Enquirer: 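Right, I'll just put the structure down here and ask away after.
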2 protein chains.
Amino acid sequence: MDNRLAVTLLSSIAQEARLDVFRLLVQAGRQGLAAGAIATKLGIPGSTLSFHLKALSHAGLLTARQESRFIYYAANYEAMNRLLAFLTENCCTGEQACRPDLDCYTKSEEG
Amino acid sequence: MDNRLAVTLLSSIAQEARLDVFRLLVQAGRQGLAAGAIATKLGIPGSTLSFHLKALSHAGLLTARQESRFIYYAANYEAMNRLLAFLTENCCTGEQACRPDLDCYTKSEEG
DNA sequence: TTTATATTTCCACAATTATCGAAATATTGC
DNA sequence: GCAATATTTCGATAATTGTGGAAATATAAA
């Protein structure tokens, strides 16, 4: 992943409405939610939501699939995974502290 | 960390010049780099850089310390750590796949 | 105090982003 | 085809963000 792509990904979630949308879809799981359901749950007008869904999709953080009259949007966990890997590798170089505190990770002492 | 703060943090690195600055400072280590050095290395006019440094500092991703005539900016690894933790916890819920692929982490098989 | 250096603030302007109603475009069922 | 529903596109507008030269501020050295 290059800086350009990272900025696109980051920009797509660096906005309250879009971060809300993405978090909602992360919770919703692989099957996702129809656009209308997202709009209702978050209280966002359809046209505004559509604008944000486009940004998230364009960045690759969402997938969309048509099902009958509905369009289901779902979080692309792999894309988010790649973003997290980029940030961990490129924005924390040489700093052990700068890693998510996963249970499998044991901190080494530092001066 | 709430959504609001996360958006502030994300916005601060969701821009090419600022992501460049942050990555440079991550490489530079705890002692950081003087503003002028950053401007020279990245070829950014002083006033423009100052604008971006303010955004990063305001988000808490940089620390600044005066030393003689220079102001040294350094990456705040802890803040980035917290952001990564937020993203891992809140934007990947229920999805084991959505975690940085650290060497200490062993993937479980998935369907 | 004067000069030099480092950085920021100010300002004007350009560019991008966000909002949302209305109209347009599907898709489905009658 | 017509009506109903779901979503997107269009268009106008507001708000925010990014850029960089010039001036202001701060620190240091002569």
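Because only heavy atoms are used, hydrogens play no part in the values below, and waters and symmetry mates are left out as well, while side chains stay in. Order of the sequence lines sets the chain letters (A, B, ...), proteins ahead of strands, with each chain counted from 1. The model shown is predicted, which means the values in this text are computed figures rather than measured ones.
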Enquirer: Using a heavy-atom cut-off of under 4.0 Å over every strand shown, decide if A39(A) touches base, sugar-phosphate, or nothing.
Expert: nothing

Enquirer: Kindly indicate whether the side chain of N3(A), heavy atoms from C-beta on, has any atom under 4.5 Å from the side chain of R23(B).
Expert: yes

Enquirer: Assign a letter to each nucleotide of nucleotides 8-20 of chain C from its 5' end: B, base within under 4.0 Å of a protein heavy atom; S, sugar-phosphate only; -, no contact.
Expert: BB--------BBB

Enquirer: Run the side-chain donor-acceptor check on residues 34-62 of chain A: report pairs under 3.5 Å with partners two or more places apart or on a different chain.
Expert:
{"unit_1": "T40(A)", "atom_1": "OG1", "unit_2": "G36(A)", "atom_2": "O", "d": "3.0"}
{"unit_1": "H52(A)", "atom_1": "ND1", "unit_2": "R18(A)", "atom_2": "NH1", "d": "3.0"}
{"unit_1": "S57(A)", "atom_1": "OG", "unit_2": "L53(A)", "atom_2": "O", "d": "2.8"}

Enquirer: Do you know which two heavy atoms are closest between R65(B) and Q31(B), and how far apart they sit?
Expert: NH1-O, 2.9 Å

Enquirer: What's the CG-P distance between L42(B) and dT19(D), to the nearest Å?
Expert: 12 Å

Enquirer: Atom CG in L83(A), atom CG in L87(A): separation rounded to 0.5 Å?
Expert: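 L83(A) atom CG to L87(A) atom CG measures 4.5 Å (nearest 0.5 Å).
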
Enquirer: Pick out the pairs of N or O atoms, protein on one side and nucleotides 23-30 of chain C on the other, that lie under 3.5 Å.
Expert:
none

Enquirer: State whether the side chain of Y77(A) and the backbone N or O of V26(A) hold a donor-acceptor pair below 3.5 Å, judged by distance alone.
Expert: yes

Enquirer: Are any non-hydrogen side-chain atoms of M80(A) and I13(A) less than 4.5 angstrom apart?
Expert: yes

Enquirer: If you compare all heavy atoms of G29(A) against all heavy atoms of A74(A), which two are closest, and at what distance to 0.1 Å?
Expert: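 Of all heavy-atom pairs spanning G29(A) and A74(A), the closest is O-CB, 4.3 Å.
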
Enquirer: What closest approach, in Å, do N76(A) and F22(A) show between heavy atoms, and which atom pair accounts for it?
Expert: N-CE1, 4.5 Å

